[in-house]
Amino acid sequence: MNSPFHLVTNCSTPTPTRPWLGLYVLLTAGFVTIFDLFVVNVAIPSMQAGLNASFSQIGFIIAGYELAFGVLLITGGRLGDMFGRRRLFIVGMIGFTLASAFCALALNANVLIGARILQGLAAALLFPQVYASIRVNFTGDDSRKAFGLLGMTLGLSAIAAQVLGGWIVHGDFFGLSWRSLFLINIPIGLFAIFSARLIPESKAEQRPTLDWTGVFLITLGLSLLLLPLLKGPEDGWPLWTYWLWSGLSFY
């Protein structure tokens, strides 16, 4: 018969410090996803000059990330509930780091647009795991402190995108100009990937379902709305812009 001491020593309860160490990794991911949401705004002139990008291409560089991020955000959360939040965190961070490298290496505006869309898709997998992991690993006062730190981090990241991003572009370090904005994500991403073991794994007790039809309809609807807004002014509002907007009536 096992003694009470034996039962206690074999308990699998995680140590109290581990969720807090994992929180710093989660906050790092939250910072870079919001940072990259805003930072390209300060790099628009240098991107236009370096890539010979048109007004509509710059619009797609900005909106591509936002569209992919926003459309798949709920789906990313569901995937974390299904397959494990730490696992999706790692997958999302790997994708975000690789997409950031593609952005930094883009030779023309169209390549950068594609890389930004991939970056937004990876962020949509990554960002929901930050909220969900905090929710399941912290309770009571610890939960309020953790979410308070997250809110402060997201606010600082939006400010840093304007201040730090502008300083990096203006400094033109090593002649990289706006490309440095994406290169700094690589060491941060590698740190988060290798430190992700500090995040306790969790998933939903009941396996949720994915509404792929809803994802498709939302993506189509936003595309019908944004494409004419981004491309229409440059082309003089051709007829196809009104055709796309008329497609919204089916929604």
Side-chain angles (χ1 to χ4, degrees), residues 26 29-41 44 55-85 87-103 106 109-135 150 154 157-158 161 181-182 185 189 203-204 207-233 240-241 243-251:
L26 294 170
F31 184 93
V32 295
T33 52
I34 300 302
F35 183 86
D36 276 59
L37 187 65
F38 294 103
V39 75
V40 294
N41 294 331
I44 289 175
F55 173 80
S56 63
Q57 286 175 320
I58 290 296
F60 282 119
I61 290 171
I62 297 172
Y65 181 96
E66 298 172 350
L67 180 63
F69 185 29
V71 167
L72 291 182
L73 197 60
I74 296 176
T75 303
R78 290 288 182 90
L79 290 173
D81 293 340
M82 294 171 61
F83 300 108
R85 299 177 181 105
R87 180 178 299 175
L88 262 293
F89 178 92
I90 295 173
V91 171
M93 185 55 80
I94 291 174
F96 190 86
T97 304
L98 290 175
S100 297
F102 293 151
C103 288
N110 291 329
V111 173
L112 182 56
I113 292 170
R116 284 284 287 174
I117 292 174
L118 291 177
Q119 195 182 34
L121 294 175
L125 295 180
L126 174 63
F127 193 74
Q129 318 318 322
V130 176
Y131 274 95
S133 296
I134 292 176
R135 179 177 55 81
L150 176 62
L154 299 184
S157 67
L181 299 176
F182 300 107
N185 290 335
K203 61 177 65 174
R207 187 181 180 92
T209 58
L210 288 176
D211 183 13
W212 290 111
T213 302
V215 172
F216 171 76
L217 291 176
I218 291 174
T219 304
L220 180 61
L222 288 175
S223 299
L224 292 175
L225 175 64
L226 291 177
L227 285 175
L229 289 175
L230 293 172
K231 191 67 175 173
W240 65 264
T241 60
W243 288 346
L244 291 184
W245 274 336
S246 66
L248 289 173
S249 62
F250 292 102
Y251 283 80

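Positions are given from 1 along the sequence.
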Return the orientation label for the Y65 and F69 ring planes: parallel under 30°, perpendicular over 60°, tilted otherwise.
tilted
side-chain contact (heavy atoms from CB on, under 4.5 Å), that's the test. Do F96 and Q119 meet it? Break it down for me.
CA-CA 5 Å; F96 190 86; Q119 195 182 34; 3.5 Å; yes
So, for N185 and S100, which heavy atoms are closest and what is the spacing to 0.1 Å?
ND2-OG, 3.2 Å
If you round to the nearest 0.5 Å, how far is CD1 of I61 from CD1 of I117?
10.5 Å
Roughly how far, to the nearest 0.5 Å, is CZ of R78 from CG of L72?
13.0 Å
Does the side-chain contact (heavy atoms from CB on, under 4.5 Å) test come out yes or no for V40 and R116, once each step is laid out?
CA-CA 10 Å; V40 294; R116 284 284 287 174; 3.6 Å; yes
On a heavy-atom basis, the closest approach of F35 and S157 is CD1-O, 3.8 Å
Any side-chain to backbone donor/acceptor pair from T33 onto G30? Under 3.5 Å, distance only.
yes
Of the non-hydrogen atoms in G76 and P128, which two are nearest, and what is the gap between them?
C-CG, 4.0 Å
Beyond-backbone contact of N41 with I62, side-chain heavy atoms, under 4.5 angstrom
yes
Please report the closest heavy-atom contact between G95 and A122, naming both atoms and the distance.
C-CB, 3.5 Å
Heavy-atom count around L98 CG within 6.0 Å, excluding the residue itself: above 12?
yes
With rounding to the nearest 0.5 angstrom, report the CZ to CZ distance, R85 to R135.
5.5 Å
Walk me through whether I134 and L26 qualify under side-chain contact (heavy atoms from CB on, under 4.5 Å).
CA-CA 8 Å; I134 292 176; L26 294 170; 4.0 Å; yes
Please test I34 against F127 for side-chain contact (heavy atoms from CB on, under 4.5 Å), starting from the C-alpha separation and ending with a verdict.
CA-CA 9 Å; I34 300 302; F127 193 74; 4.2 Å; yes
Quick one, I113 and Q57 - any side-chain contact, counting heavy atoms below 4.5 Å?
yes
Taking atom CG of L121 and atom CG of L67, what is their separation to the nearest 0.5 Å?
9.0 Å
In this structure, CG of L125 is separated from CG of L73 (nearest 0.5 Å) by 10.0 Å
Tightest non-hydrogen contact, residues G189 and T97, listed as CA-OG1, 3.4 Å
Would you compute the distance between atom SG of C103 and atom CG of D36 and round it to the nearest 0.5 angstrom?
7.5 Å
Tell me whether Q129 contacts the main-chain N or O of G84 through its side chain, where contact means a donor paired with an acceptor under 3.5 Å.
no
Closest non-hydrogen atom pair between F38 and A161, with its separation
CB-CB, 3.7 Å
